[in-house]
2 protein chains.
Amino acid sequence: MKDVTLKNAVKLKRIERGGFTQGELAKQVGVTRQTMNLIEAQKYNPTIKVCLQIAKVLDAKLDELFWMEDES
Amino acid sequence: MKDVTLKNAVKLKRIERGGFTQGELAKQVGVTRQTMNLIEAQKYNPTIKVCLQIAKVLDAKLDELFWMEDES
DNA sequence: CCGGGTTGTCATATATAAATGACAAATGTA
DNA sequence: TACATTTGTCATTTATATATGACAACCCGG
């Protein structure tokens with residue numbers, strides 16, 4: 001894999017959607033709170049299934065939630 | 001994780017783009033041919049980074065390449 | 001100020017994505 | 001038919017996504 005940084009707007013969307021807690025989102029997505037936390041903190045590289053579930057729950061497009069930036 | 005099946009249109013797009021071989025795509029994406037093969041065969045759940053690279057190389061949106069179907 | 005809920009984070013364990021090497025089945029093409 | 005390229009697949013190994021349990025640091029309303 002090339003050396004790029006994964007970025008995401010999950011936390012923003014979650015708050016924008018109002019009232020969701022990290023734990024609730026995690027539950028609806030079907031992962032643990034800790035996993036959700038790491039994703040929001042951009043500390044790792046989730047699988048596409050998880051991303052698709054997040055997009056579904058937050059009613060957003062994959063492309064607006066996840067993107068990459070070249071390592072500068 | 002909920003019990004859903006991951007679907008993708010990678011093989012289609014690759015052929016639509018013309019002339020790409022699985023191996024070439026894999027190389028440009030930065031994974032092995034075997035990994036690319038498994039993804040195209042829908043035999044697993046790649047990470048979002050890999051998906052983003054594939055989308056980039058194939059000049060497609062994540063959302064048109066990957067989606068999920070409920071287990072029926 | 002106090003207490004409940006949320007969040008960040010740690011350490012450990014398990015599941016699985018991805019790499020590597022190799023080979024047979026398939027596809028195309030002279 | 002014969003040969004080259006591509007594709008599917010296997011077995012093994014390594015890296016890492018995800019789970020679990022626990023606890024300290026933050027907020028925020030009473």
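Quick note on labels: first sequence line is chain A, next is B, and so on, each numbered from 1.
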Got a donor-acceptor contact below 3.5 angstrom from the B/Asn45 side chain to the A/Lys49 backbone? yes

Listing time: all N or O pairs from protein to nucleotides 22-25 of chain C that are below 3.5 Å?
{"from": "C/dA22", "atom 1": "N6", "to": "B/Arg33", "atom 2": "NH2", "distance (Å)": "3.4"}
{"from": "C/dA22", "atom 1": "N6", "to": "B/Gln34", "atom 2": "NE2", "distance (Å)": "3.2"}

Taking C-beta and beyond as the side chain, do B/Met36 and B/Val10 meet within less than 4.5 Å on heavy atoms? yes

Using a 4.5 Å cut-off on heavy atoms from C-beta on, say whether the side chain of B/Arg14 contacts that of B/Lys11. yes

Using OP1 and OP2 only, check whether a side-chain N or O of [X] sits under 4.0 Å from [N].
X	N	answer
B/Asn37	D/dG8	yes
B/Lys11	D/dG8	yes
A/Thr47	C/dA17	no
B/Thr35	C/dA18	no
A/Lys43	C/dT9	yes

Expressed in angstrom and rounded to an integer, what is the separation of [X] atom [atom1] from [N] atom [atom2]?
X	N	atom1	atom2	result
A/Ile39	D/dT16	CD1	P	17 Å
A/Met36	D/dA19	CE	C1'	15 Å
A/Ile15	C/dT7	CD1	P	8 Å
B/Tyr44	D/dG8	OH	P	14 Å
A/Asn45	C/dA15	CG	P	21 Å
A/Leu38	C/dT12	CG	C1'	14 Å
B/Glu40	C/dA18	CD	P	14 Å
B/Lys49	C/dA19	NZ	C1'	16 Å

Separation between [atom1] of [X] and [atom2] of [Y], rounded to the nearest 0.5 Å:
X	Y	atom1	atom2	value
A/Ile39	A/Ile54	CD1	CD1	4.0 Å
A/Glu16	A/Asp59	CD	CG	10.5 Å
A/Leu62	B/Glu64	CG	CD	11.5 Å

A/Thr32 side-chain proximity, nearest of C/dG8, C/dT6, D/dT20: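 The answer is D/dT20, which lies nearest to the side chain.
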
Taking only the side-chain heavy atoms of B/Val50 (C-beta and beyond), determine which of D/dT18, C/dA18, D/dG8 contains the nearest atom.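 My answer, after comparing the listed nucleotides, is C/dA18.
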
Residues which pass side-chain contact (heavy atoms from CB on, under 4.5 Å) with B/Gln34, listed by chain and number, not counting sequence neighbours: B/Thr32

